[in-house]
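Per chain, numbering begins at 1; letters A, B, ... match sequence-line order.
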Number of protein chains: 2
Amino acid sequence: MAVTMNDVARAAGVSLKTVSNVINNYEFIRPATKQRVLDAIDELGYETNLTARSLRSGKTSMLGLVLADLSIPYYAELASDIMKAAWARGYRVLVEQSGNEAEHEKAALQGQFRSLTDGLLFIPLALDAEQIIAAAGKKPLVLLGEFVQDPRLDMVLIQNQEAAAAVTTHLLAGGRRRIAVLGAHDGDEAGSNGLRLRGYRAALAAAGVEYDPTLVVPCDWRRDGGADATARLLDSGVEFDAVFGLNDALALGALHELLVRGRNVPEEIAVAGFDDIDESRFASPSLTTVAPGRAEIAERAVELLIQRIESKDAAPAVQQPKAAFELRVRQSAP
Amino acid sequence: MAVTMNDVARAAGVSLKTVSNVINNYEFIRPATKQRVLDAIDELGYETNLTARSLRSGKTSMLGLVLADLSIPYYAELASDIMKAAWARGYRVLVEQSGNEAEHEKAALQGQFRSLTDGLLFIPLALDAEQIIAAAGKKPLVLLGEFVQDPRLDMVLIQNQEAAAAVTTHLLAGGRRRIAVLGAHDGDEAGSNGLRLRGYRAALAAAGVEYDPTLVVPCDWRRDGGADATARLLDSGVEFDAVFGLNDALALGALHELLVRGRNVPEEIAVAGFDDIDESRFASPSLTTVAPGRAEIAERAVELLIQRIESKDAAPAVQQPKAAFELRVRQSAP
DNA sequence: GGCCCTATCTGCAACGATGGATTCGAACGT
DNA sequence: ACGTTCGAATCCATCGTTGCAGATAGGGCC
């Protein structure tokens with residue numbers, strides 16, 4: 001049915017191995033022979049069977065990418081960047097959605113599906129460092145951005161704490177003193193929520209503003225989570241003059257709820273987010289946020305993973321410099 | 001290095017084939033034997049090598065999905081749905097971004113990468129039916145939603161024309177008479193732009209409103225495309241009392257530009273879109289749009305493709321009923 | 001001229017699984 | 001009692017490539 005190397009070899013009057021050599025750019029082939037093989041390939045419409053190649057060579061040229069859900073804009077945009085970066089280096093990306101559930105994350109780390117990839121990019125949300133190390137197989141693994149550090153794991157970090165502090169400082173500079181935080185729990189330590197909350201507190205402390213736990217509202221990191229949390233906050237009667245969503249979706253949900261309730265943004269209440277997804281630029285009012293260096297993270301993570309795959313030396317996790325972040329001041333918090 | 005079936009067989013004291021039989025749930029195996037094999041698998045941490053299985057069985061259990069770019073919310077949400085539908089049926093999805101370029105689409109249809117998948121889901125944007133038929137290989141192929149019909153191809157359609165007509169009719173019912181259209185070219189016929197434009201014209205005609213080509217503004221189907229087009233429209237001095245973005249991104253870009261320019265939405269100018277992406281619900285004002293039945297499309301397309309893969313009969317493209325659409329009336333065009 | 005080297009091409013054996021035929025008893029029917 | 005059937009496990013070939021080791025033939029060197 002399918003055309004194989006054997007068919008090409010027969011058509012070109014050479015051995016199967018020579019066809020293989022041509023395809024793999026083996027150095028010592030007479031130009032005439034090479035041309036004959038290429039012609040035969042063309043004529044028969046031969047295509048390499050990547051499955052067979054993988055089995056024999058032990059490489060799949062695919063990277064796994066585990067994230068919560070593609071319908072979340074930040075992950076979708078990050079996935080897009082990662083796919084482009086991988087593609088440019090001759091790798092494809094197999095995406096797996098964990099739905100933010102520990103079971104799925106664990107399954108993705110161990111699962112059969114790993115035998116289809118040469119390495120894994122992982123955005124952990126439910127698992128902590130210990131669990132990841134326990135569950136991880138022996139193939140290269142690079143963690144992305146959203147996590148606490150651990151010297152035993154390779155990871156590409158964003159400046160969660162510093163960037164969150166920058167946002168908070170910006171809000172403080174605008175005269176805000178009662179800044180609500182959406183998406184964290186008072187006491188969170190690990191994970192991006194913990195780190196961003198820490199940044200918030202550090203900025204408050206630096207400005208001599210007292211930290212008030214009643215301003216910290218836990219919720220899902222999604223638009224409706226942000227809207228609900230804001231509604232609860234308004235209903236509870238807690239006073240606040242700014243909202244910091246720990247990601248843009250939260251901030252946009254909050255923004256929506258505030259406007260629905262007739263609050264003026266930013267005059268009465270300022271709103272800021274974290275991520276700088278494309279949508280934020282076009283919100284009304286446009287959303288002040290911080291860009292964590294998404295493109296850079298994607299590039300670095302892919303680069304690091306491929307390096308681990310291709311060089312056999314299992315070097316211990318090198319401390320990567322963190323990606324540069326950039327505050328984007330827009331209308332919602334000028 | 002990796003544990004193979006052979007190792008398991010040795011450990012369990014059975015033949016390699018018996019291990020294979022256990023894994024594939026072969027009916028006639030003594031419970032005791034089965035248990036011994038399972039124990040051995042567990043103990044050795046054996047994992048099936050999917051590459052080898054694919055080579056031998058000729059099936060990869062992967063579906064290809066070609067779309068323009070995951071950073072576009074509609075595609076990201078669709079991809080998410082598709083992956084879930086495929087997953088539920090035991091298939092994985094390998095996403096490929098075409099960037100909306102004919103070359104890339106063609107490459108995706110023919111490329112080596114197809115040897116990694118059992119079939120392809122394809123959202124064509126740059127290629128027309130002829131080109132697709134010419135480029136397509138012999139593996140199953142199902143086209144998604146955004147395209148004109150062709151009896152030679154399998155496809156799952158959305159009601160482009162009807163849904164666009166419904167949006168237009170809604171705007172007309174609100175008293176709007178000068179409805180600008182973003183994202184089409186006067187004269188477009190094929191593709192979703194053509195079909196949606198046709199729906200718009202049909203609705204105008206039904207209401208006895210004259211069609212004015214100066215209200216039709218071509219642009220990229222992205223937020224900034226919509227914003228730019230709106231800016232041009234405003235600058236040109238053409239009068240209009242509503243904007244219909246042929247997708248939500250366009251409408252959201254338009255909404256943003258209108259608000260920046262101080263126009264009242266919806267009092268002065270109503271805005272409506274097409275797709276009902278999650279973001280639209282949370283825009284301010286929230287966006288009136290039409291949901292084309294995304295979940296249904298995803299489900300149907302996956303189902304159809306898998307059916308084609310698993311039943312060898314190459315039945316000619318059955319005319320699928322189109323997915324049901326639903327108008328979502330919100331603040332931007334009440 | 002004999003020897004080694006280099007360029008060019010070939011053959012064999014894997015990679016790790018599955019399909020199909022086959023073997024070997026034990027149970028069954030008459 | 002003996003052929004038949006059926007459950008349970010085994011054996012062999014095979015999927016389409018690539019790695020590694022040959023094989024062959026000119027050419028240059030001494």
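Between Lys34(A) atom NZ and dT8(C) atom P the separation is 11 Å, expressed in whole Å. Separating the CZ atom of Phe28(B) from the P atom of dT10(D) is a distance of 16 Å, rounded to the nearest angstrom. Summarising the geometry, the separation between CG on Asn21(A) and C1' on dA7(C) is reported as 13 Å, rounded to the nearest angstrom. Between Arg114(B) atom CZ and dG16(D) atom C1' there is a gap of 19 Å when expressed in whole angstrom units. One interatomic measurement links the two molecules: CZ of Arg10(B) to P of dT10(D), which rounds to 14 Å at whole-angstrom precision. Here dG19(D) presents its C1' atom at 13 Å from CG of Leu16(A), a figure rounded to the nearest Å. Atom C1' of nucleotide dT18(D) and atom CG of Asn25(A) are separated by 15 Å, given to the nearest angstrom. Spacing between atom CG of Asn24(B) and atom C1' of dG16(C) amounts to 13 Å, rounded to whole angstrom units.
Residue-level contact check: Ile29(B) touches the backbone only, with heavy atoms under 4.0 Å from sugar-phosphate atoms and none from bases. In this structure, Thr18(B) reaches the bases: a heavy-atom distance under 4.0 Å links it to at least one base atom across the strands shown. Residue contacts for Ile23(A): at a heavy-atom cut-off of 4.0 Å it reaches no nucleic acid atom on any strand shown. Nucleic acid contact for Ser54(B): none, since no nucleic acid atom lies under 4.0 Å from a heavy atom of the residue.
Across Arg89(B), Lys84(B), Arg294(B), a single residue satisfies salt bridge (charged side-chain N to carboxylate O under 4.0 Å, His left out) together with Glu299(B), and that is Arg89(B).
Checked against dG19(D), dT18(C), dG16(D), the side chain of Arg56(B) finds its nearest nucleotide in dT18(C). Listed nucleotides dT10(D), dG16(D), dA9(D) differ in distance to Thr33(B); the shortest reach to its side chain belongs to dA9(D). The nucleotide whose nearest atom lies closest to any side-chain atom of Val14(A) is, among dA9(D), dC9(C), dT10(C), dT10(C). The listed nucleotides are dG16(D), dT8(C), dC11(D); the one nearest the side chain of Tyr26(A) is dT8(C). The side chain of Arg53(A) approaches dT17(D) more closely than any other nucleotide in the set dG11(C), dT18(C), dT17(D).
Applying the 6.0 Å contact sphere to CZ of Arg114(B) captures more than 12 heavy atoms from other residues, nucleotides or ligands.
Put simply, the side chain of Glu96(A) never gets that close to the backbone of Ala108(A): no donor and acceptor are under 3.5 Å apart. Judged by distance alone, with hydrogens and angles left aside, the side-chain atoms of Asp7(A) form a donor-acceptor pair with the main-chain N or O of Thr4(A) at under 3.5 Å.
Each of Lys17(A) and Glu27(A) was assigned the nucleotide of DNA chain C with the nearest heavy atom; the assignment lying further toward the 5' end belongs to Glu27(A).
With no hydrogens or angles considered, no side-chain donor-acceptor pair links Lys34(B) and Tyr26(B) at under 3.5 Å.
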